[in-house]
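Worksheet: one structure, shown below.
In the text below, chain A, chain B and the rest are named by the order of the sequence lines, each starting its count at 1.
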Protein chains: 4
Amino acid sequence: MERRLTQRGRARRTELMTCAARLFSDQGFHSTSVSDIVNTLGVGKGVFYWYFPSKDDLFIEILRGANRDLRRRQQAAIGDEPDPLVRIELGIRATMQWFHEHRSSFTLIQFARTDDRFTDVLAQNQEVAIGDAVRHIKDGIVAGEIADQVPEVLAEAVVGVTERLARTYLLERDEPVTEVADAAVAFCLNGLKG
Amino acid sequence: MERRLTQRGRARRTELMTCAARLFSDQGFHSTSVSDIVNTLGVGKGVFYWYFPSKDDLFIEILRGANRDLRRRQQAAIGDEPDPLVRIELGIRATMQWFHEHRSSFTLIQFARTDDRFTDVLAQNQEVAIGDAVRHIKDGIVAGEIADQVPEVLAEAVVGVTERLARTYLLERDEPVTEVADAAVAFCLNGLKG
Amino acid sequence: MERRLTQRGRARRTELMTCAARLFSDQGFHSTSVSDIVNTLGVGKGVFYWYFPSKDDLFIEILRGANRDLRRRQQAAIGDEPDPLVRIELGIRATMQWFHEHRSSFTLIQFARTDDRFTDVLAQNQEVAIGDAVRHIKDGIVAGEIADQVPEVLAEAVVGVTERLARTYLLERDEPVTEVADAAVAFCLNGLKG
Amino acid sequence: MERRLTQRGRARRTELMTCAARLFSDQGFHSTSVSDIVNTLGVGKGVFYWYFPSKDDLFIEILRGANRDLRRRQQAAIGDEPDPLVRIELGIRATMQWFHEHRSSFTLIQFARTDDRFTDVLAQNQEVAIGDAVRHIKDGIVAGEIADQVPEVLAEAVVGVTERLARTYLLERDEPVTEVADAAVAFCLNGLKG
DNA sequence: TATGAATGAGTTTTCATTCAT
DNA sequence: GATGAATGAAAACTCATTCAT
């Protein structure tokens, strides 16, 4: 049942989501209990269930929110750039930057992939993301700048490189974003050109 | 405590590991209880704790075993091939094939990355895997066949592409291994050459 | 604290009681939360506690009201009929009719009997009801129309028949009231005459 | 999943059922928590869930067991008595005696009627019980000893009288069984003869 | 070796009630 | 009078692990 929230209510809700996202990413979804969350905020346990029907639902909302945000960032970065290859480059860089700023979200997405209850949400998100990339790649193929391969496969490859470098160098080793982005861009553009 | 096992004992142990691996990958590590495992095998709960000190330990052993197996496969595939690029190609293909044959292991590795208790084991495994790839890449750079970039970064990129394509096309969509491997190889070799 | 209510206030109060009675009888007392009640009416939770000190109190009031109503109906039906047996018959018929029109109340009374918190209220109600019947029966014995047995026991038997037939045929099978009442009357009058 | 129980296991299971039945009937089903049950027995909470999948299931088993027992008692009492009216009388007396000895079961049945989760079980039980009575009544009608009315309705009336007198005089006032049974028999036989 | 039984801390969730605005 | 927010004790249930036999 959708609840009508006051100003204060909306603030609480956001507070819960932020707090939970951090705890989930730090200790893992399963190791974070609802008690952990409400204790961290210093509120009663009922508060949680006033705003979310269940722990799972909260997690799903976090996932959805993260994806919405990432996509917004990508679109903003790409703007109305005409060259498909440049669009892809801008997309990779924006993604890298966003992962850098939202490490916790990154971890959550990784986890969500391993639990049946969340794979659906993820699948929807992925479809959109891959769809975006595919459009640019098709443009690039038409323009003769990208090898004539199945665009979707190329898109997956680009995403694979970006995510992997982000995890290893941004999350685990905390290296400078720009350099990591440079490496990803270089590898991907070469991979695409064929 | 290391236990001295009889012939039959070793068989039981393996049976437990195989069964657990399948259940973990099907339903997730957390959703699979020790009871699930022993019930599936139709044995008592004591059996489990006779062979493994804890559920975590069992999982770690599974991970270790999987990695040992994958590496063996890669090395066998590469043999003493002299050309570094071909070595990389053979490695990618062997990996793809192995993922195809051991889907469940793939899922488990994905999961292990999201839980602090297992990241250590994974890190060790990864180090070895990346180390292998790095050697080939360095050879390739020396031979002038690969762009002069940080070899480790390139290795990560290759692994990123391989894993991603494996997950999307082998696990989720069950497409023919060879084609997926072809795509991975093509993208990676281009990405490496610069 | 007795509250002085405005016109509108009394309406609200009645609305709450009616709504709660329906929910209690549909889903059971325990399975109906105060939230359910106020949500059904589309009001805030404070409203409930403005009109009733607690959920239990509300239920008790509902019980009292139902009984008051039933008794009024019986008395109206009996009027100043002189023949004791006819008085009993009219009472049975009125009761049956009332159960027919107030199924939910019937269910609530059944439930109340199983919970210590409400048995007191019920006991009082029962005493009155049995008392009424006992008077008619005594008159009947004096008039030689009813067997000379302990009047209270006979009264209980009559109530037993009436309630049972009401539950089985009115509530569970929704059969026509008159026929059910006929059957109850026939059995009871025979039972009484001895 | 059906569990294979040892001697000791079966004893525990019975112990749990007996204890729970008593607590349910003393304090009510809802007011008795699983913790109450296991604490009363001085065992851990897991024990409960080792033997029963849920609190509801336990309750259902108790209901089924009680009914099985009551019916056995009725059949034993009736034996191969040829006269239908005497059979009914013996049935009423046996029932009364059983209610006397199993007060707690009586309360439980009353409660079960008010909760949707249990009405199914009850309905099955009732069908059997009414069916038994109906057979005797039909015989009685054929023999000309019972009024020619719908047998099922008569059966319901008999049950109504028996239950009501049992509740009022055995449970609430603890009067001697034989006298209560006498009263029930007298009223019912008269009611049946018409 | 193997089994069924037992433990109990820990988890998610519910809900009657109170409170600040 | 009325609302949404907050409380927190208590409930049902889970499950890794240990133990007696």
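- A donor-acceptor pair under 3.5 Å links the side-chain atoms of A/Asp36 to the main chain of A/Ser33, judged by distance alone.
- Here D/Arg10 contributes atom CZ and D/Leu5 contributes atom CG; the two are 7.0 Å apart, rounded to the nearest 0.5 Å.
- Nucleotide F/dG1 holds its C1' atom 14 Å from the CD atom of C/Glu15, rounded to whole Å.
- Each of C/Gly46 and D/Ser54 was matched to the nucleotide of DNA chain F holding its nearest heavy atom; the match closer to the 5' end belongs to C/Gly46.
- Across all strands shown, E/dT3 is found opposite F/dA20 as a Watson-Crick or G-U wobble partner, with both distances under 3.5 Å.
- Contact check, D/Arg8 against E/dA6: a side-chain N or O comes under 4.0 Å of OP1 or OP2.
- Taking the six-membered ring where tryptophan is involved, the planes of A/Phe118 and A/Phe29 are perpendicular, since the angle between them exceeds 60° and thus also 30°.
- Summary of the strand contacts: D/Thr6 and A/Phe48 both lie near DNA chain E, and taking for each the nucleotide with the nearest heavy atom, the more 5' one is attributed to D/Thr6.
- D/Val34 comes within 4.0 angstrom of the backbone, heavy atoms only, and of no base.
- Note on D/Ser35: every side-chain N or O is 4.0 Å or more away from OP1 and OP2 of F/dA10.
- Within 4.0 Å (heavy atoms only), A/Lys45 reaches at least one base atom of the nucleic acid.
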- Task: Tell me, with the steps shown, if B/His30 and B/Phe111 meet ring-ring contact (aromatic ring centres under 6.0 Å, His included).
- Result: CA-CA 10 Å; B/His30 283 107; B/Phe111 165 75; 5.7 Å; yes
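- In this structure, the nucleotide among E/dT7, E/dA16, F/dG4 sitting nearest to the side chain of D/Val43 is E/dT7.
- Rounded to a whole Å, the OH atom of D/Tyr49 is 14 Å from the C1' atom of E/dG8.
- Heavy-atom nearest nucleotides on DNA chain F were determined for D/His30 and for B/Phe29, and the one closer to the 5' end corresponds to D/His30.
- The listed nucleotides are F/dA5, F/dA16, E/dA2; the one nearest the side chain of B/Ser33 is F/dA16.
- Among F/dG1, F/dA5, E/dA5, the nucleotide with an atom closest to any side-chain atom of C/Tyr51 is F/dG1.
- Among the heavy atoms of the strands lying under 4.0 Å from C/Gly9 are primed sugar atoms or P, OP1, OP2 only; no base atom is included.
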